[in-house]
Amino acid sequence: MNANDIQALLDWYRASQRDLPWRRTRNIYRIWVSEVMLQQTQVVTAAPYYRRFLARFPTVAALAAAPLDDVLKAWEGLGYYGRARNLHAAARQVVTAHGGRVPRTPAVFRRLPGVGDYIAAAVLSIAAGEPLPVVDGNVLRVWARWCCLREDVRTARVRNRIRRELAAVIPAAAPGDFNQALMELGARVCVPRAPRCAECPLAHRCAARRAGVAAALPVPPPRRAVPLQRAVVAVIVRRGRVFIQQRPADGFLGGLWEFPGGKIEPGETPEAALVRECREEIGTAPAAIAPLAEVRHAYSHFRAHLHVFVCRLGRGAAPRVAAAGRWVTAAELDDYAFPGANRKFFPQLREWLRSESHPGGG
DNA sequence: TATACGTGGTG
DNA sequence: TCACCAAGTAT
């Protein structure tokens, strides 16, 4: 990629870039938040979260001072909740170890939780002018086509080679624009399925385009089968309230709230699994159960089929681990961060609670 | 190095 | 319905 190619790319970017909320600031904290949200997440999905998050946590100090539950609530529905936990922890480190100022030294910023090679390069090139190339999915695709690379670009070896090649050409005068231009090109023109080469400022010198194989690159990795997990959910109702509990702070959906329940074992009926899970999780079997909904949900690495039941405990029975849980009304559910798979049956649950509170009505 | 980690858009 | 994909990081 020579100076003319780079200028053509920058010209295209400056003339046709989208007006995105994080492009209206050079504040390093705001740029950082945007890049965390944009991991494995499309611009249209992240944008509303970005606005709400920064209205709620306008500074790194405000984020550090907030309870993690508030941060997770602001992240609810965005997925990869470890991003929110790491960002929150990193904000606290900035306050406690860096005097409340986001470090602009690459090696220092890179050590914060949740900051990897991509985030460090993106944030510091955009907000601090550091000539660090980003290597994300867009850049890999653009570069694989530009060079007509037939190797698997996801391997560390090829990624590192691409990073070195980009480091040799990234313009010191505009590293942030160069990085964003490559990503913008990948997101809007050099797209995966049907690249719009007619609109591409680099098409006339693109090796894959000349070879007529742009759409076939980069070569996709072999796909593995996605397992299907059947599970039960117990919505325990008592006097118009439902029982919820918080998941462990780390790991899958860490820190989010949910209803008791769990996997259906092979050969087990949903009803049997429900009774078993209630005994295991809250020490009590339900006295009565009724099906409420069935939910299908695709997680990052498996699919789930949820059988949701409304349950009542016997007179005087109580969840044995009530200290870890709460009884909440339908309205109060909105105060807690729930996984998307749970949100899917909230309408049915709310309708059920409504009809129960007005017996004989409607 | 390979796998865990969410969700929604898109064809 | 479904597979693929998206401004990746941690372990």
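Quick note on labels: first sequence line is chain A, next is B, and so on, each numbered from 1.
Side-chain contact, Gln17(A) with Trp12(A): no donor N or O sits under 3.5 Å from an acceptor N or O. For the residue pair Tyr118(A)/Glu35(A), the side-chain donor-acceptor check at 3.5 Å is satisfied. Using modelled atom types, one finds a donor on one side chain and an acceptor on the other under 3.5 Å when comparing Asp136(A) with Asn138(A). A donor-acceptor pair shorter than 3.5 Å can be found between the side chains of Glu294(A) and His305(A). With no hydrogens or angles considered, a side-chain donor-acceptor pair links Thr41(A) and Arg83(A) at under 3.5 Å.
Evaluation of the side chain to side chain donor-acceptor pair (under 3.5 Å) rule for Ser125(A) yields Asn179(A) as partners, not counting sequence neighbours.
Using a 4.0 Å cut-off on heavy atoms, none of the residues of residues 146-178 of chain A approach DNA chain C. Residues of residues 25-49 of chain A that place a heavy atom closer than 4.0 Å to DNA chain B, in numerical order, are Gln40(A), Thr41(A), Gln42(A). Contacts between residues 291-306 of chain A and DNA chain C, defined by a heavy-atom separation below 4.0 Å, involve no residue at all. Applying a 4.0 Å cut-off to non-hydrogen atoms, none of the residues of residues 120-133 of chain A approaches DNA chain B.
Between Tyr29(A) and Trp32(A), the ring planes are perpendicular. Angles over 60° get that label, and only those under 30° would be called parallel. Ring-plane geometry between Phe252(A) and Phe302(A) is classed as tilted, the angle between the planes lying from 30 to 60 degrees on a 0 to 90 degree scale.
Arg83(A) places its CZ atom 10 Å from the P atom of dT7(B), with the value rounded to the nearest Å. Between the CZ atom of Arg224(A) and the C1' atom of dT3(B) there is a distance of 7 Å, rounded to whole Å. Between the P atom of dT3(B) and the CZ atom of Phe252(A) lies a distance of 18 Å, rounded to the nearest Å. Following rounding to the nearest Å, Arg85(A) (CZ) and dA4(B) (P) show an atom-to-atom distance of 16 Å.
At the heavy-atom level, Arg188(A) lies nowhere under 4.0 Å from the strands shown. No contact: Trp75(A) has no heavy atom under 4.0 Å from any strand. At a threshold of 4.0 angstrom between heavy atoms, the contacts of Pro220(A) with the nucleic acid are absent. Among the heavy atoms of the strands lying under 4.0 Å from Leu253(A) are primed sugar atoms or P, OP1, OP2 only; no base atom is included. In this structure, Gly186(A) reaches neither bases nor backbone, as no heavy-atom distance under 4.0 Å exists between it and the strands shown. Within the nucleic acid shown, Asn179(A) has no heavy atom closer than 4.0 Å to any nucleic acid atom.
Taking atom P in both dA7(C) and dA4(B), one finds a spacing of 23 Å when rounded to whole Å. The separation of dT9(C) from dG8(B), taken at their P atoms, amounts to 22 Å, rounded to a whole angstrom.
Between chain A and DNA chain C, the heavy-atom contact criterion of under 4.0 Å yields a 5' to 3' nucleotide range of dC4(C) to dA10(C).
With hydrogens and angles disregarded, no donor-acceptor distance shorter than 3.5 Å links the side chain of Arg343(A) to the backbone of Phe338(A). In this structure a side-chain-to-backbone donor-acceptor pair under 3.5 Å is missing from Arg196(A) to Val191(A).
Between Phe259(A) atom CZ and Cys311(A) atom SG the span is 11.0 Å, to the nearest 0.5 Å. Here the straight-line distance linking atom OH of Tyr80(A) with atom CD of Gln40(A) works out to 5.0 Å at 0.5 Å rounding.
For the pair Val189(A)/Glu184(A), no side-chain contact is recorded, criterion being any heavy-atom separation below 4.5 Å from C-beta on.
Two rings, from Tyr299(A) and His301(A), have their centers 6.0 Å or more apart. Aromatic rings from Tyr50(A) and Trp22(A) are positioned such that their centres are separated by under 6.0 Å.
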Checking Arg326(A) against Glu332(A) for the salt bridge (charged side-chain N to carboxylate O under 4.0 Å, His left out) test, could you report, in this order, the C-alpha distance in whole Å, the side-chain angles of both residues, the deciding distance, and whether it holds?
CA-CA 11 Å; Arg326(A) 297 183 187 178; Glu332(A) 288 166 346; over 6 Å; no
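With a 6.0 Å cutoff to the six-membered ring centre and a 45° limit on the axis angle, Arg56(A) does not count as a cation-pi contact of Phe53(A).
Nearest-nucleotide mapping onto DNA chain C: of Val115(A) and Arg23(A), the residue sitting toward the 5' end is Arg23(A).
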